[in-house]
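Single-structure report; data block below.
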Amino acid sequence: MKLLSQESKDNQEDQKPCIILDPGHGGKDPGTLWGEVYEKDVNLAITKKLEQILVGQGYQVIMTRDEDERVVLKERVQIAQENQGDLFVSIHQNALENDTVTEGMEIYSSKTSGSEDLAEYIWDSLLSKTGAKDKGISKNSDLFVLDHTTMPACLIETGFITSSRERELLLDEEYQQKIAQGIAEGITKFLES
Ligand SMILES: [Zn+2]
């Protein structure tokens, strides 16, 4: 009896959705930057907060990197595919040359079925949690990690590191937490839909 109930508990745990989180860049690849503010660090800080929320909600979470190391795009896709993730979310920051004013968030969804819904759920909660400017959803994106994963997938540019105002926010732990909460809420709504 004991064995059986333990077994059924394990089975239930196995069925928890597996979420792949992908903090962009890392190591020798800083991503976009402004002075000593590197995209790779902002990506990791936000993604770690997101990981914590989702793990707290009982989801299985796999990070393509959890420290400052370089992981090539092919390897990120491999991690998502080999772990048979149920969905894939990549976190990035935006930048513009000679422009310190443009700000806001962008989201890209892949061609895989379900990706558009995932992006829309995340978008709704992310924008309402942060109050960030809506720079739009780009559907059917062929960005490498989106084009090569087979689960619902999206990539979020959570702000402009080149914007004086937004950069301050992106470096602020409370704002990072709001971003993480917004994305987590969207993921949960998508998984429950
Ligand atoms: Zn990036």
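Order of listing sets the numbers, starting from 1, for every ligand and every atom in it.
Nearest N/O/S atom of Glu39 with respect to the Zn ion (ligand 1) is recorded as OE2. Summary: ND1 is the N/O/S atom of His92 found nearest to the Zn ion (ligand 1).
The only member of Lys135, Lys133, Arg167, Arg165 that meets salt bridge (charged side-chain N to carboxylate O under 4.0 Å, His left out) when paired with Glu103 is Arg165.
Residues Thr149 and Gln81 bring no donor and acceptor atom of their side chains to less than 3.5 Å of each other.
A donor-acceptor contact shorter than 3.5 Å links the side chain of Ser128 to the backbone of Asp124. Remark: side-chain polar atoms of Arg65 are not paired, donor with acceptor, to backbone N or O of Arg70 under 3.5 angstrom.
Inclusion of Glu157 in the first shell of the Zn ion (ligand 1) is not supported: no N, O or S atom falls under 2.8 Å.
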